[in-house]
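Written below as structure tokens is the structure these notes are about.
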Amino acid sequence: MPCAVQDAPWLTPDQQIRIVAVASLVSGAARLLAEDPGTAITTGELSRMWALVDHAIAA
């Protein structure tokens, strides 16, 4: 993803950081669910990750 962001000069630095953050969170959530879905859901880790995605998109 960082390589793709470098090829998008029309994005502001803030937008570039948000894209990398969202991509990292989405891939991390998928990995978390694949490795230990029960714990990810019951401990609230997954909901915290999606709250960060919502914040990155809305701001």
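Residue numbers count from 1 along this sequence.
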Suppose we screen for side-chain hydrogen bond (donor to acceptor under 3.5 Å, both in side chains). Which residues come up paired with Ser47, at least two apart in sequence or across chains?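 Result, side-chain hydrogen bond (donor to acceptor under 3.5 Å, both in side chains) vs Ser47: none returned.
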
Name all residues meeting the side-chain hydrogen bond (donor to acceptor under 3.5 Å, both in side chains) criterion together with Thr39; count only those two or more places apart in sequence or in a different chain, and write none if there are none.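 Listed in chain order: Asp36.
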
For [X], enumerate each residue passing the side-chain contact (heavy atoms from CB on, under 4.5 Å) test, keeping only those at least two apart in sequence or located in another chain.
X	value
Thr42	none
Leu32	Ala40, Glu45, Met49
Ser24	Val20

Looking only at heavy atoms, what is the nearest atom pair of Arg18 and His55, with distance?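 Heavy atoms only, the tightest pair is NH1-O, 3.9 Å.
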
Rounded to the nearest 0.5 Å, what separation is found between the OG1 atom of Thr43 and the CZ atom of Arg48?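 It is 6.0 Å, given to the nearest 0.5 Å.
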
